[in-house]
Number of protein chains: 2
Amino acid sequence: MARVAATGRKPLEAPSADTRERILDTAERLFAERGYSAVSTRNITDEAGVNIAAIHYHFGSKEAVLDAIFKRRLDPINRRREQLLEVCDRAGADGSVMTDILAAFIGPTLELGGTEGERNFKLLAGRASTDPNPEVKRVLFTVYDSVARRFLEVLAKACPDLSPQEMFWRVACVYGAMMYIRADNSRLQHIFGEEFSLSDAKGALRYAIPFLTAGMTAPPVDRPAPAVQRKTRSRNAK
Amino acid sequence: MARVAATGRKPLEAPSADTRERILDTAERLFAERGYSAVSTRNITDEAGVNIAAIHYHFGSKEAVLDAIFKRRLDPINRRREQLLEVCDRAGADGSVMTDILAAFIGPTLELGGTEGERNFKLLAGRASTDPNPEVKRVLFTVYDSVARRFLEVLAKACPDLSPQEMFWRVACVYGAMMYIRADNSRLQHIFGEEFSLSDAKGALRYAIPFLTAGMTAPPVDRPAPAVQRKTRSRNAK
DNA sequence: AAATTAGTCAAGCGCCTGTTTGAAATAGTT
DNA sequence: AACTATTTCAAACAGGCGCTTGACTAATTT
């Protein structure tokens, strides 16, 4: 009781879940705002209002904090992705399934943004995707590898005409677009005007997924399409 | 003479262009490898084999080094981009010009890679694009703003059917793909296999530009295409 | 009520940060 | 040969880094 009264925060059920969560929330925000390398453990504990030793008591290291942040948000998202991909996989391989596959993979991450914490994580995830820091790369690898492989399986099944090379480059474009939208650097916003924002999840789903669908279903470069293949691409009714 | 003999490097014409260039080359490599925030001025001067004070004598600050790195590589590239965009602009607005516009904007940066320094810069440019550090953002802004506006002008002219919203999101996808390819994080390579690499400039131009062309020329979501519009999209002869 | 456990705390470990200094060495000019 | 301007140098500035320690408080178990 004394602790709660002293810090003046709302009482919480578990005694130290408070400290743990406050560290995660604060670190999530600071990593998103300044980047992993530019944030110190002291920055985190100071802003979270906890003792400097709390990070190493509860997590063990700065890297472990990043890992916990990603696991906390991504575990449910990845479960949802796999579930949606399963549906697409069973639906078979006609041209129209591409939109659903992309939506299954991209949607759950772009829809984040209901809470401030989710918004921060979305930024962090996008910005971390090109962070060369070995600690960041290690965390991302352990957290993304499995679902990324599943995504590629389903995708390959839906695009039997694409050579591995072509699939590689198309997937890179999809990844790039998704990560850039998540990262939401304000450069395009500055050029187009303040009324546009990459953090607008509805816009992302409405416009980016058709763009990427068109790219994924375009006639292959390697073996020009066998003339029969001709797909409708204007299905934008949700 | 004594200095050259002592360091065992090839003699150079200008007296201190040596030190300046060595700092730029080394910083370019380290920033690319570890990220701007994770590299210290001492890391740079140590590896460059120059005195710790040289950075502030020749540049004034760490941020000014980053700025000089970008200006050195990007000034010729941006001149080339503007020249190529000019040609597209004059060519008028039929559907086939989209590939040329994208190639004009993306090509000159993806073609980098002839020297080790160019390869390092390509990585750095991609990775910096989502770096939230304010120093990095400031440098990128001053260096990219002008040519980005020109690109958008030409693009808008070639896509008269797209609403501003839709243009915004499509351009975001193009930017994202380009930056992700430049950044060349090794995650996709790890999944697809070592024989695939995002640093392969020929592959990027061969496969990514058709992908993005398909996305940019897809029927608009906002006002479904006026049924007349039907574009050929299989022009892959260079 | 005693013993155990979980959590918090201020202080400090050795090392690194971006930047500055004033003197020494070198190069270019007269 | 003397003089000036440019460049390099070791040393140091105040402060921050990730992480550890050992004492202390508070809740839980026995």
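Any value given below was found using the heavy atoms of this structure, including those in side chains, with hydrogens, waters and symmetry copies removed. Here is the naming used below: chain letters follow the sequence lines, and residue numbers restart at 1 for every chain.
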Could you tell me the separation between the CD1 atom of A:I44 and the P atom of D:dG18, rounded to a whole number of Å?
8 Å
Basic-acidic side-chain contact under 4.0 Å: B:R149, B:D145
yes
Taking atom P of D:dA23 as reference, at what distance in whole Å does atom OH of A:Y57 sit?
17 Å
When you check every protein heavy atom under 4.0 Å of nucleotides 17-25 of chain C, what one-letter string (B, S, -) results, 5' to 3'?
BBBBB----
How many whole angstroms separate atom CD1 of A:I23 from atom C1' of D:dC19?
14 Å
Is the shortest distance from a Lys or Arg side-chain nitrogen in B:E135 or B:K62 to a carboxylate oxygen in the other one below 4.0 Å?
no
Is any side-chain nitrogen or oxygen of A:H58 closer than 4.0 Å to OP1 or OP2 of C:dT8?
yes
Just how far, in rounded Å, is C1' of C:dA6 from CZ of A:R20?
14 Å
Is the distance from OP1 or OP2 of D:dT8 to the nearest side-chain N or O of B:T19 less than 4.0 Å?
yes
Output yes when B:D89 and B:R150 qualify as a salt bridge under the 4.0 Å nitrogen-oxygen rule, no when they do not.
yes
Ion pair check, A:D75 and A:R79, cut-off under 4.0 Å
no
Under 4.0 Å between a side-chain nitrogen and a carboxylate oxygen: does that hold for A:R127 and A:D131?
no
Atom CG of A:D46 to atom C1' of C:dA10: distance rounded to whole Å?
13 Å
Between A:R206 and B:E166, does at least one N-O distance fall below 4.0 Å, as a salt bridge requires?
no
Whole-Å distance, B:E47 CD to C:dC16 P, equals 14 Å
How long is the line joining CG of A:N133 and P of D:dG18, in whole Å?
11 Å
